[in-house]
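Heads up: the structure comes next, in structure tokens.
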Amino acid sequence: MSAVPHFETVHQQDVDTQHRALRFLTAGSVDDGKSTLIGRLLFDSRAILADQLDTLERRAAGQPIDLSLLTDGLEAEREQGITIDVAYRYFATKARKFIIADAPGHEQYTRNMVTAAAGSDAAVVLVDITKLDLAQAEVPLLPQTRRHSLLAHLLRVPSIVFAVNKIDALAANAAGEGFAKVSAALRRFAEEAGISVTAIVPVSALNGDNVTQPLDAAWYNGPSLLQVLESLPTAQETVEGPLQQPVQYVSKEGEGTGYQPRTFWGRIAQGQVKAGDEVEVLPSGVKALIAEVRRAGETVAHAVAGESAGLVFDRQVDVSRGDWIVAPGSAAPRQQFEATLAWLDTEPAQIGRKYWVRHGNRWVQARISAIEHRLDIHTLAETEAHELAVNEIGHVVVELQAPLPLAAYADNRVAGALIVVDPTSNRTSGALLVR
């Protein structure tokens, strides 16, 4: 049976975008081979230092080296053979640079996977073909494969790539049919969940098959995993649209008494700004004109989304850390909103309980006023729920003690995201994505 490779060609980006480093995470179930895959990418791209390679060879004692040890840095990880913390690694090819986040596969460490996904341009979800029942007409996927794919989708990771790993474990005459059946299962799941799949590629992280070099097999004529990664666009903040900038830091120039100009620093979340533009400060609603735009301590003509900039007003305005500087009338602060809640705490999310939420650089007290439904990751059905347990995803209504300038997460990953913190334990309990 011939497997038709599923790969959507990415349009050629402009030169600046094409050379930006791609931030991607690896996700999937336990022992799917995520750390080994990253080790293979580092090894084949010659991103391993000589002393690291010597250490791996000594530990191997004449056996094939364990490439997963390049990312599993904690002692507990090496002892148990699992990934616990998020490990970041860097490598480069002639085409571009990469920043990799190796996310844990264990269900109890899903919070670390969410952390890695929040700032990623792409997600590589590994699927261990040896764990799947290929005898069934419709191959069932593992729960963590579904959960991590859904989380990456909900966190608006732009590109989602499925890497069907351990393809070498199948007999040569069965590999093509097995890959085709798993690909069909992944496409069915993605269609049901509304996930846009960039590519599905077969790989063997252990042997290096189709990781950096194309696979030599009659049943597959698609790209290698590295070729897919080299072609993916980076997630850029939207330059189009009205200005939105959270204030992170306020600096004052000069010494002595009297009014001294203040610069309001922050990373622009959306739009662009130049001298002469009118802006509005939220939540106060006070308006002013931009007298000067600064970057890295120097005055510049303008600044755009994704850049850190300092804004100087034409008059004295009370602005503090946590405020937002926006285009006039472009944002209306709200005290109640609907959101997707990914719950990460062992203490369940409960209706009526108070939490702290962080939006941009501002902390506000909040409570969950309603849980509309919980998402069943196995059936993708919306089920009734009165609380959300660890690693569950639900649709909730949240009430804030003070209004915040919120945006839909689908439109703005900065203004549309909040983290939830338990006021008693100070644990990061969940991630809110404004609907």
Quick one: pull up CG in Leu341 and CG in Leu433 and give me the separation to the nearest 0.5 Å. 8.5 Å
Lys131 vs Leu142 side-chain heavy atoms within contact, under 4.5 Å: yes
Within the side chain of Arg89, is there an N or O that forms a donor-acceptor pair under 3.5 Å with the backbone of Phe91? no
Apply side-chain contact (heavy atoms from CB on, under 4.5 Å) to Ile290 and Lys274, showing your working. CA-CA 7 Å; Ile290 299 295; Lys274 65 182 185 303; over 6 Å; no
Is it true that Arg146 and Asp376 have a side-chain N and a carboxylate O under 4.0 angstrom from each other? no
Sub-3.5 Å donor-acceptor pair from the side chain of Gln245 to the main-chain atoms of Gly266, do we have one? yes
Pairing of Arg23 and Asp121 as salt bridge, 4.0 angstrom limit: no
I want to check something: taking the side chain as every heavy atom from C-beta on, are Ser120 and Phe24 in contact at a cut-off of under 4.5 Å? no
Criterion side chain to side chain donor-acceptor pair (under 3.5 Å) on Ser251 and Trp265, from CA distance to verdict: CA-CA 8 Å; Ser251 65; Trp265 294 93; 3.1 Å; yes
Qualifying side chain to side chain donor-acceptor pair (under 3.5 Å) pairs with a residue from residues 203-212, counting only residues at least two apart or across chains: Asp44-Thr212, Asp168-Ser204, Asp168-Asn207
Check for a donor-acceptor pair, side chain of Lys181 on one end and backbone N or O of Gln136 on the other, with a separation under 3.5 Å. yes
Do Arg147 and Asn391 come within less than 4.5 Å of each other through their side chains, counting heavy atoms only? yes
Hey, what do you get for CG (Asp411) to CD (Gln244), rounding to the nearest 0.5 Å? 9.5 Å
Ala199 to Val228 - nearest heavy-atom pair and separation: CB-CG1, 4.0 Å
Using the side-chain contact (heavy atoms from CB on, under 4.5 Å) rule, take Val421 and Arg427 through it: C-alpha gap first, then chi angles, then the decisive distance, then the call. CA-CA 6 Å; Val421 173; Arg427 289 194 301 263; over 6 Å; no
For residues Trp363 and Tyr355, establish whether the separation of their ring centroids is below 6.0 Å. no
On the 0 to 90° scale, with breaks at 30° and 60°, tag the His359-Trp324 ring pair as parallel, tilted or perpendicular. parallel
Taking the side chain as every heavy atom from C-beta outward, state whether Val434 and Arg334 have any pair of such atoms under 4.5 Å apart. yes
Looking at side-chain heavy atoms only, is the closest gap between Ser159 and Leu232 below 4.5 Å? yes
Minimum heavy-atom separation for Ile200 to Ser183, with atom names? CG2-OG, 3.6 Å
Less than 4.5 Å apart, any side-chain heavy atom of Leu225 and any of Leu37? yes
Residue pair Val124 / Ala163: nearest heavy atoms and the distance that separates them: CG1-CB, 4.0 Å
Within the 3.5 Å criterion, strictly below it, is a donor on Trp343 or Ser429 matched to an acceptor on the partner's side chain? no
Across all chains, not counting sequence neighbours, the ring pair (Phe, Tyr, Trp, His ring centres under 6.0 Å) partners of Phe264 are Phe313
For Ile268 and Ala309, the nearest pair of non-hydrogen atoms, with its separation, is CD1-CB, 4.2 Å
With sequence neighbours excluded, tell me which residues meet salt bridge (Lys or Arg N to Asp or Glu O under 4.0 Å) with Arg362. Asp323
For the side chain of Ser149 and the backbone of Thr145, is there at least one donor-acceptor N/O pair under 3.5 Å apart? yes
Would one find more than 12 heavy atoms of other residues, nucleotides or ligands at under 6.0 Å from atom CG of Asp216? no
Exercise: identify the closest heavy-atom pair between Ala349 and Ile371: O-CD1, 4.0 Å
Measure from the side-chain N and O atoms of Gln270 to the backbone N and O of Leu243, and report whether any donor-acceptor pair falls under 3.5 Å. no
Reported CG-to-OG1 distance for the pair Leu206 and Thr36, which is rounded to 0.5 angstrom: 7.0 Å
Are Arg374 and Glu392 ion-paired here, with the side-chain N under 4.0 Å from a carboxylate O? yes
Candidate pair Leu388 and Ile393, rule side-chain contact (heavy atoms from CB on, under 4.5 Å), full reasoning: CA-CA 7 Å; Leu388 294 178; Ile393 301 168; over 6 Å; no
Cationic N near anionic O, under 4.0 Å, Glu307 to Arg295: yes
Side chain of Ser330, backbone of Val326: donor and acceptor closer than 3.5 Å? no
Can a donor-acceptor pair be found, under 3.5 Å and without considering hydrogens, that links the side chain of Lys97 to the backbone of Ala92? no
Do Phe189 and Ile195 come close enough that some side-chain heavy atom pair is under 4.5 Å? yes
Distance from Asp422 atom CG to Trp356 atom CH2, nearest 0.5 Å? 12.5 Å
Might you work through the side-chain contact (heavy atoms from CB on, under 4.5 Å) test for Asn165 and Val127, ending with a clear yes or no? CA-CA 6 Å; Asn165 194 22; Val127 180; over 6 Å; no
Is any side-chain heavy atom of Leu432 less than 4.5 Å from a side-chain heavy atom of Val420? yes
Could you measure the distance from the CD atom of Glu138 to the CG atom of Asp133? Nearest 0.5 Å is fine. 12.5 Å
Keeping Gln335 on the side-chain end and Gln401 on the backbone end, is there a donor-acceptor pair under 3.5 Å? yes
Around Glu191, counting heavy atoms of other residues, nucleotides and ligands shown, do more than 12 lie under 6.0 Å from its CD? no
Going through the distances and angles, do Glu230 and Thr93 end up as a side chain to side chain donor-acceptor pair (under 3.5 Å)? CA-CA 9 Å; Glu230 286 179 336; Thr93 65; 2.8 Å; yes
Side-chain donor/acceptor of Arg367 to backbone N/O of Arg353, under 3.5 Å: no
Would you name the heavy atoms of Val157 and Ile160 that are closest together and state the gap between them? O-CG1, 4.2 Å
Under 3.5 Å, is there a donor-acceptor pair between the His395 and Glu338 side chains? yes
How many angstroms lie between atom CG of Leu226 and atom CZ of Arg40, to the nearest 0.5 angstrom? 13.0 Å
